[in-house]
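A short write-up of the structure that comes next.
Every number for a ligand or one of its atoms is a count from 1 in the order of the listing. Being a predicted model, the structure only gives us computed values, none of them experimental.
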Amino acid sequence: MLIVQKFGGTSVGDLERIANVAKRVAKTRDEGHDVIVVVSAMSGETNKLIEYAHFFSKNPQREAMDLLLSSGERVTSALLSIALNEMGYKAVAMTGRQAGIVTDKRHTSARIDHINPKPMGDAVKEGNIVVVAGFQGINEEGRVTTLGRGGSDLTAVAIAGALKADLCEIYTDVDGVYTTDPRIEPKAKKMDRISYDEMLELASLGAKVLQNRSVELAKKMGVNLVTRSSFNDNPGTLITKEENIMEKPLVSGIALDKNQSRVSLKGVEDRPGIASEIFNALAEDAVNVDMIVQTIGADGKTEIDFTVPQSEIERVKGVMERFKESIESIEYKDDVAKVSIVGVGMKSHSGVAAKAFTTMAKENINIEMISTSEIKISMVIDEKYAELAVRALHEAYELDK
Ligand code: ASP
Ligand code: MG
């Protein structure tokens, strides 16, 4: 097999840890696999480099920033290659440029355009373990670019896609993807497998295991992703095509987002165009509106409720000033939480939503807003019941079994 292994900042956080990573890579090699390794900068390194730049300028030149930041990953790749060679393994370190990674022009937030597979492919054929510096490439002008914070995951997935690797393993300091946050529900179980779409829903809802952009890329390129810990031998969680998941559980996981605020617009003029005016104005001020509920109007008035990230509430207030004439009163509620139930199995089953509502009723928790999609049910509730709701739902769908 060809396996891409990516090690994040904490996994290569000091020299001892790099030595451990070398052992793990060597073990995979000993099992008879071809290995391409992608590494992050040692933890804290990228931040340190950013601070250095800020010593000189509040708004440092972006081309130079890319050159500066890309050096963090280069250090790790060179060190890991040296360690592997010392252990008797053939290994070669490559920068993004040497690995044939071509991006668009956007300095400090570039996107990978394509990868020339030849340099890495040849090196693997010659029996090398290839150790690539993550998070970087070059643009068409031959300038070094970086992919934005956390971009090494993207490097790994893109390489796995371009070289048609059998597996792309992302090593971090957590064991994989859990049915819910184990800090809230200690009975949470690590999932063996989950589909790309479920992972995307869970990630955007706060299960911060993998960067969303890299899951999207993996889905697009059909890369089998595994997220696992570099500190133990547990197998981790496979993120793959829905077809590869034989037994589709009704519900795979429960996500919690406490970082929500609810805005209630009362006595809104009930006329064509009003929703368009309000939500266009919010969009222009870059407010990320999530759920929206409008109630049926009466006497020419209606009520519109929506949720936004807490950090954007001041911007919402600014926008709403402009609608004083068309809205009677506005209520802002900060202490709300969004609890979501995610699972591909609910596509083909009924009663999943009803069970969620019954569970809330049993706990005496009031549901303030509801929204559903093919694979997700979200409920907005009072923040003080958030943990209780997660635990009750986790039990109701038997995720601890
Ligand atoms: N070193 C970069 C960062 O800290 C990229 C990465 O770790 O993925 O954001
Ligand atoms: Mg990282």
Test: ring-ring contact (aromatic ring centres under 6.0 Å, His included). Region: residues 223-276. Which pairs qualify, not counting sequence neighbours?
none
Where's the contact between Glu73 and ligand 1, heavy-atom distance under 4.0 Å: side chain, backbone, both or neither?
side chain
I need the single residue from Asp30, Asn128, Val35 that forms a side chain to side chain contact (heavy atoms under 4.5 Å, CB included) with Tyr89. Which is it?
Asp30
Could an N or O of ligand 1 be found under 3.5 Å from any N or O of Gly150, whether backbone or side chain?
yes
Please confirm whether Gly134 approaches ligand 1 to less than 4.0 Å, judged on its heavy atoms.
no
Would you say Arg149 has any N or O atom under 3.5 Å from an N or O of ligand 1, going by distance alone?
yes
Parallel under 30°, tilted from 30 to 60°, perpendicular over 60°: which one fits the rings of Phe279 and Phe306?
perpendicular
Using a strict 4.0 Å cut-off to heavy atoms of Ser40, name the atoms of ligand 1 that fall inside it.
6 (C), 7 (O), 8 (O)
The single option from Leu238, Thr179, Leu399 that satisfies side chain to side chain contact (heavy atoms under 4.5 Å, CB included) with Met191 is Thr179
Any N or O of Ser152 closer than 3.5 Å to N or O of ligand 1
yes
Please lay out, stage by stage, how Lys105 and Glu140 fare under the test salt bridge (Lys or Arg N to Asp or Glu O under 4.0 Å).
CA-CA 7 Å; Lys105 279 192 198 144; Glu140 271 167 7; over 6 Å; no
